[in-house]
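Here is the structure we will look at, set down as C-alpha cells.
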Amino acid sequence: MAPPKVLMVAEKPSIALSIASSISGCQMHSRKGSTDVHEFEGMFIGLPAYFKVTSVIGHVFSVDFPAKYQDWSATDPIDLFQAPIQKTEANPKAHICRHLSQEAHGCSHLVLWLDCDREGENICFEVIQCTGFQANDARRKVHRARFSSVTGKDILKAMSCLVEPNKCEALAVDARQEIDLKVGVAFTRYQTGYFQGKYGDLDSRVISYGPCQTPTLGFCVQRYLQITTFKPEKFWALRPHIMVDGYELQLEWERHRLFDMDVALMFQKLVLQDRILEVTDMSEKQESKGRPPGLNTVNLLKIASSALGFGPQMAMQLAERLYIQGFISYPRTESTAYPSSFDFKGTLGALANNPMWGDYVQGLLSDGYHKPQSGTDAGDHPPITPMRSANEDMLERDAWRLYQYVCQHFLGTVSPNCKYTRTKVEFSIGGEFFHCIGLHVTVKGFTSIMPWLAVSEKNLPQFAKGDKIEVSKVELFEGQTAPPDYLSESELISLMEKNGIGTDASISAHINNICERNYVQVQAGRKLVPTALGITLIRGYQCIDPDLCLPDIRGFIEQQINLVAKGEADHSCVVQHVLEQFKQKYSYFVKQIDNMDALFEAQFSPLADSGRALSKCGKCLRYMKYISSQPSRLYCGTCEEVYYLPQKGTIKLYKELTCPLDNFELLIFSMAGPEGKSFPLCPFCYNSPPFEGIDTLFGVSKTGSSGKLGKGTGMPCFLCPHPTCRHSLIAQGVCACPECNGTLVLDPISAPKWRLYCNMCNCLVLLPQGAHRIATTRERCPECDSTIIEVDFNKNTTPLEDGATLHSGCILCDDLLHSLVEVKHGKSFFKRAGRWARARGRGGHRGRGRGLGKMDPKMSFRDF
DNA sequence: GCAAGGTC
C-alpha cells in the first residue's frame with residue numbers, strides 16, 4: 001500500500017521552503033504551481049509518509065458586501081450595518097483556492113503551518129475550507145503546527161506535538177473583519193456623499209473613515225492643535241561663569257529657570273554681591289548606556305524615517321529587496337529577542353571580511369561577543385539581521401544605507417554596553433546653588449559601531465571640596481518656551497504601536513492612506529503636517545462624537561473580539577453588539593452633521609464661489625464654472641447643476657463647437673502623460689448619456705442610472721452613435737481594434753503625431769507623422785468597410801510623387817497608408833470591461849447586439 | 001470609489 005500523503009500549508013512561500021528544508025534535510029523535490037510545492041518522503045506520526053509542502057500568500061479570502069450593496073447612491077449606508085457579507089478570493093488571479101484543492105486531493109493529513117498569530121489561525125480555516133477537509137473526519141485529519149520560530153529546531157519540535165487549530169481565535173478575526181468593513185464603509189460613504197461636491201476647493205475624491213486611519217490622523221491633528229494653541233512664556237535663568245586653568249565654564253542653576261523676571265533679577269543681585277563660589281560637594285558615578293535589543297520591523301521603520309529619511313513604504317520595499325537578495329533576514333517581525341538557537345557566530349562570520357566592519361567583527365569574534373539584551377519574543381521571526389556581507393558598490397544607494405543600519409544595529413546588539421563616569425560638582429554662592437556635570441567614557445562598547453548614540457565627553461577641571469572660586473560673570477539668560485514641532489513620522493509610529501493601531505505590517509499602509517486621502521502632508525524631516533481637510537475632519541468628530549477619532553476606538557473593538565478569541569463570548573453576539581453601538585454612533589453623527597458642516601463652511605468655499613468660467617451651458621446659455629479640485633467638474637450657477645468630468649487629465653474648450661443634441665459646448669479632455677489620448681465630450685451627454693444603455697457599456701457600470709456619473713464613466717463623443725455629428729464614433733471611427741472589440745478612433749488633436757486610439761482598450765495606432773492634416777471622410781473602403789481617411793502630407797516630406805500632398809485611402813488596404821502606420825500600446829486607457837458591439841459602419845444603424853463576427857483577414861494587423 | 005488584515 002502506498003504511504004499516506006500529508007499536505008502541509010504555510011502562510012507564505014518562504015516559510016514553506018524553510019519547513020520543507022528542515023523536515024526533509026533539504027532532500028526534496030520542488031515544483032512550480034500557484035505557489036511552489038516541495039515534495040519528499042519521511043516519517044509522520046511514526047509511520048512512513050509522502051509529504052507535500054506548499055503555501056498560501058497571506059489571506060485567501062477577503063470580505064465585502066454583495067453586489068446589491070455596491071451602488072453608493074442606491075444604498076443607505078445605515079443599511080450596511082445589517083447587510084450580509086461575503087468572502088471572495090482575495091487575489092483571484094493567484095488561484096490559491098484551486099491550488100489547495102488540487103494539492104489536497106488524495107491526502108489523508110493536513111498540517112497547518114500558518115503564522116502563529118490570530119490572523120494565521122483565521123487563515124488555517126480558510127485553508128481547511130479550500131482543501132475540503134472536514135473537522136471531524138477520522139480518515140482525513142487536520143493538524144495545527146505551533147512553532148515559536150522558523151528554525152529547524154522549532155519546526156521539528158512543532159512536528160512532534162501537533163495540536164488542533166483554534167476556532168475561537170479564527171472567529172475573532174472574522175468578527176474584526178466584519179466590524180471594520182461595516183463601520184468603515186458606512187461612515188466613508190456617508191461623509192463622502194455629504195461633503196463631496198459641496199465645496200469647490202475641497203480637494204478629495206473620497207473622504208474616508210476607518211478605525212485605524214482616523215485615530216492615526218487624530219494623532220497628527222492633536223499635535224497640530226497643540227502647536228497652534230501654544231502660548232509662549234518668557235523665562236529667565238542665572239548662568240554664572242568661572243575661569244579655571246584658562247578655560248571658561250558655565251554652571252547650571254538648581255532652580256533651572258524662573259518665569260518671573262523680578263525674582264530672577266533679585267537672585268542675580270545676590271550672586272553678584274557674593275562674587276565667590278564655594279565647591280560644596282563632588283560626586284562620581286559609574287553609569288552605563290545599554291546596547292539595543294534585536295531589531296524588529298517597527299523599530300526599523302522608525303529609524304528609516306527619522307535617520308535615513310525613508311517613508312515606511314519605501315523602507316519596507318528596500319528591506320524586502322535586501323531580503324530577497326539574501327542580504328538580510330526576513331524583515332517582517334515583531335520580535336526583538338533572538339531565539340536561543342540563534343547562530344551569532346555564523347552571522348558575525350558572514351561579516352568578518354566586510355571592508356566596513358570586518359575589523360570590528362574580528363574583534364568581537366576574538367574577544368568574545370556579548371549575549372544580546374533579552375527583548376520581547378512575539379514567536380514569529382527572529383530580529384532583522386544581516387545574512388551576508390555587502391559593500392557599497394553592490395547595492396543601490398538607499399538599499400546600502402538601510403543595509404548598513406541593519407549591520408550596525410546587529411553588531412550593536414552583541415557589543416558591550418557603553419560605560420562612562422559621570423561627575424557632578426556642586427557650588428553655592430549668595431545662598432543659591434549651581435552645578436556642572438562632567439562625562440568621561442570608559443568603554444565605548446556598541447557606540448563605536450553606532451556612533452550617533454555615543455556619549456559625548458565633557459571634561460571638567462580638577463576641583464576640591466571647599467575650593468573658593470571667583471565668578472567671572474553672572475549672565476541672566478532670557479528665553480521663551482517653544483511649542484513642540486509637528487509630529488514626526490517616527491513619533492507617530494511609536495504612538496500607533498503603543499495604542500495598538502494597526503500591526504507592524506499595516507502601520508505603513510495607514511500612514512500612506514492618510515497622505516493619499518489628502519489629510520496630511522509629509523514635509524521636510526518626515527514631519528506630518530495635517531491639511532485643512534484633515535484638521536476640519538478631526539475637529540468635526542471632536543465636536544460631534546470624540547470617540548470616533550480617539551485611539552480607544554480600536555482598543556474597544558480589540559477588547560470585544562478578545563472575548564471571542566478566548567471563547568468567552570459568542571462570535572455573532574459580539575458582532576451584533578458592537579455593530580449596534582456603532583450604528584447608534586452613526587445615526588447620531590448623521591443627525592449632528594450640521595455641526596461638522598459649519599466647520600467645513602468656515603474652511604472651504606461654497607461651490608458657487610469657486611472655479612473659472614469655461615464653457616457654455618446648453619440650457620441657459622451662460623458660462624459654467626470649471627472646478628479643478630477633485631473630483632473635477634463643471635458647475636452651472638444659473639441651473640444649479642453639477643456636471644462631472646473625466647478625472648486626471650486636462651480639460652479645454654473645444655473650438656466653441658456645440659453638441660447637436662443639447663447645445664452644450666464641447667470640451668476636449670487630454671489624459672496625462674506623453675502618450676495620453678485626447679477626446680471630445682459634451683458635459684451633458686457625458687453625465688446623462690442620451691442613448692439607452694451607453695452608460696452600462698463603457699467600463700464601470702456600478703454607479704447605476706441615478707448615480708453621479710462622470711468619475712471615470714459616462715459617454716464621451718467617441719462612444720456616441722450620433723449619425724451626423726462630426727465628433728461621434730460614426731464620424732471619427734476608422735476600423736476595428738486589432739486587440740479587442742472596440743473601434744479605432746481618430747485622435748482629433750494629435751497633430752503632428754497623428755494617431756488612432758481604441759475606444760475600449762489601450763491600443764494605439766500611429767498614423768503618418770508630420771502630416772498637415774488627417775481627417776476621416778464619409779467614404780468606406782469597398783474591401784473592408786473601414787473609413788477612408790484623407791491625409792494632407794507636409795510638402796517637404798510627402799511620400800507622393802511630384803510633390804503632391806493630398807492622398808485618401810484605407811489604412812488597411814491602401815498600400816501607401818498601410819506602410820506608414822504602426823501599432824503601439826499606450827498606458828491603460830480605461831477599464832477593458834464590457835463588450836461594446838460597435839456602431840461602426842454605414843449610417844450607424846447596426847446598433848447594439850450585433851457582434852463583430854469573424855474578422856475579415858484583411859482587417860488583421862498581423863502584417864504591421 | 002469605501003475598512004483592515006495578510007503578503008508580493
Side-chain angles (χ1 to χ4, degrees), chain A residues 10-16 34-35 55-65 69-73 75 77 80 83 85 87 89-91 93-94 96 114-115 117-124 126-127 170 172-193 196-197 204-216 297 313 316-317 319-321 323-324 330-332 380 496 500-510 512-514 516-517 553-554 557-558 561 582 630-631 644 647 699-700 702-704 707-713 831:
Chain A
E11 191 156 320
K12 41 195 167 270
S14 62
I15 295 202
S34 288
T35 53
S55 74
V56 292
I57 314 167
H59 274 288
V60 183
F61 298 109
S62 69
V63 64
D64 205 348
F65 296 108
Y69 295 87
Q70 298 292 357
D71 186 337
W72 286 40
S73 56
T75 306
L80 295 173
I85 51 166
K87 284 196 172 196
E89 217 164 332
N91 183 357
K93 282 190 198 142
I96 295 295
L114 285 307
D115 290 0
D117 54 23
R118 216 173 258 178
E119 297 295 330
E121 219 57 34
N122 186 268
I123 304 175
C124 282
E126 297 184 338
V127 171
V173 172
D174 283 340
R176 182 200 47 76
Q177 288 176 342
E178 183 168 353
I179 295 163
D180 283 346
L181 175 74
K182 291 185 168 177
V183 173
V185 174
F187 275 92
T188 299
R189 284 192 192 173
Y190 173 71
Q191 59 185 28
T192 300
Q196 189 188 60
S204 191
R205 239 162 28 84
V206 170
I207 303 174
S208 58
Y209 176 87
C212 285
Q213 56 173 275
T214 303
T216 301
T297 308
Q313 285 212 315
M316 281 320 283
Q317 276 170 15
E320 187 77 30
R321 217 176 308 148
Y323 163 66
I324 289 168
Y330 190 68
R332 262 170 270 167
D380 48 356
M496 293 174 75
I501 308 290
T503 65
D504 55 339
S506 69
I507 276 178
S508 68
H510 298 308
N512 197 45
N513 219 344
I514 59 172
E516 279 195 340
R517 296 278 151 72
I553 203 146
R554 190 82 213 150
I557 297 174
E558 289 289 331
I561 65 166
F582 273 104
Q630 285 196 346
Y644 287 92
Q647 306 295 308
V700 189
K702 286 177 187 167
T703 32
K708 287 177 186 166
L709 279 166
K711 285 155 254 171
T713 166
K831 265 189 194 170

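Note that these values count all heavy atoms, side chains included, but never hydrogens, waters or copies made by symmetry. So that the names make sense, note that chain A is the first sequence line, chain B the second, and so on, each numbered from 1.
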Distance-only donor-acceptor hits, side chain of residues 206-213 of chain A, under 3.5 Å, sequence neighbours excluded:
{"residue": "A/S208", "atom": "OG", "partner": "A/Q213", "partner atom": "OE1", "Å": "2.6"}
{"residue": "A/S208", "atom": "OG", "partner": "A/R517", "partner atom": "NH1", "Å": "2.8"}
{"residue": "A/S208", "atom": "OG", "partner": "A/Y519", "partner atom": "OH", "Å": "3.4"}
{"residue": "A/Y209", "atom": "OH", "partner": "A/L548", "partner atom": "O", "Å": "2.7"}

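Under 4.0 angstrom from either OP1 or OP2 of B/dG1 there lies no side-chain N or O belonging to A/Y69. OP1 or OP2 of B/dG5 lies within a sub-4.0 Å distance of a side-chain N or O belonging to A/S506. For A/T503, a side-chain nitrogen or oxygen approaches OP1 or OP2 of B/dG6 to under 4.0 Å.
We find that CD1 of A/I123 is positioned 5 Å from C1' of B/dG6, with the value rounded to whole Å. To the nearest angstrom, C1' of B/dG1 lies 10 Å from CD of A/Q70. Rounded to whole angstrom, the span from the CD atom of A/E558 across to the P atom of B/dA4 amounts to 12 Å. Look at CG on A/L80: it is 17 Å from P on B/dG1, rounded to the nearest Å. Remark: P of B/dG5 and CD of A/E121 are 18 Å apart, rounded to the nearest angstrom. Here B/dA3 presents its C1' atom at 9 Å from CZ of A/F65, a figure rounded to the nearest Å. Rounded to whole angstrom, the span from the CD atom of A/Q317 across to the C1' atom of B/dT7 amounts to 14 Å. Summarising the geometry, the separation between CG on A/N91 and P on B/dC8 is reported as 12 Å, rounded to the nearest angstrom.
Note on A/Y209: only backbone sugar-phosphate atoms sit closer than 4.0 angstrom, heavy atoms only; bases stay farther off. Looking at heavy-atom distances under 4.0 Å, A/P211 makes contact with sugar-phosphate atoms alone, never a base. Contacts of A/Y190 with the nucleic acid, taken as non-hydrogen atoms under 4.0 Å apart, are absent. Within the nucleic acid shown, A/D64 comes within 4.0 Å of at least one base atom, counting heavy atoms only. Here A/G120 lies out of heavy-atom contact (under 4.0 Å) with every strand.
Remark: ring of A/W72 stacked against base of B/dG1; centroid gap under 5.5 Å, plane tilt under 30°.
Between B/dC8, B/dG6, B/dA3, one nucleotide has an atom nearer to the side chain of A/E320 than all others, and that is B/dC8. Of the listed nucleotides (B/dA4, B/dC2, B/dC8), B/dA4 has the atom at the smallest distance from the side chain of A/N513. For A/V63, taking side-chain heavy atoms from C-beta onward, the closest of the listed nucleotides B/dG1, B/dA3, B/dG5 is B/dA3. Across B/dG1, B/dT7, B/dC2, the shortest atom-to-atom separation from the side chain of A/T192 is found for B/dG1. Closest to the A/Q213 side chain, of the nucleotides B/dC8, B/dA4, B/dC2, is B/dA4. Here the side chain of A/R517 is nearest to one of B/dG1, B/dC2, B/dA4, namely B/dC2. Among the nucleotides B/dT7, B/dC2, B/dG5, the one closest to any side-chain atom of A/H510 is B/dG5. When the nucleotides B/dC8, B/dG5, B/dC2 are ranked by their closest atom to the side chain of A/P13, B/dC8 comes out on top.
Residues A/F65 and A/Q70 come closest through the heavy atom pair O-NE2, 2.8 Å. Among all heavy-atom pairs drawn from A/G120 and A/L114, the shortest one is O-CB, 3.4 Å.
In this structure, A/D180 and A/I557 have side chains that are in contact, with non-hydrogen atoms separated by less than 4.5 Å. Between A/E178 and A/V63 the shortest side-chain heavy-atom distance does not fall below 4.5 Å.
Taking the nucleotide of DNA chain B with the nearest heavy atom to each of A/S208 and A/V60, the more 5' of the two is matched to A/S208. Place A/R332 and A/A186 on DNA chain B by their nearest nucleotides, and A/A186 ends up nearer the 5' end.
Here the rule is side-chain hydrogen bond (donor to acceptor under 3.5 Å, both in side chains) with A/H59, and of A/E126, A/E89, A/K87 only A/E126 fits it. Each of A/D64, A/I85, A/N122 was scored for a side chain to side chain contact (heavy atoms under 4.5 Å, CB included) with A/Q177, with one residue passing: A/N122.
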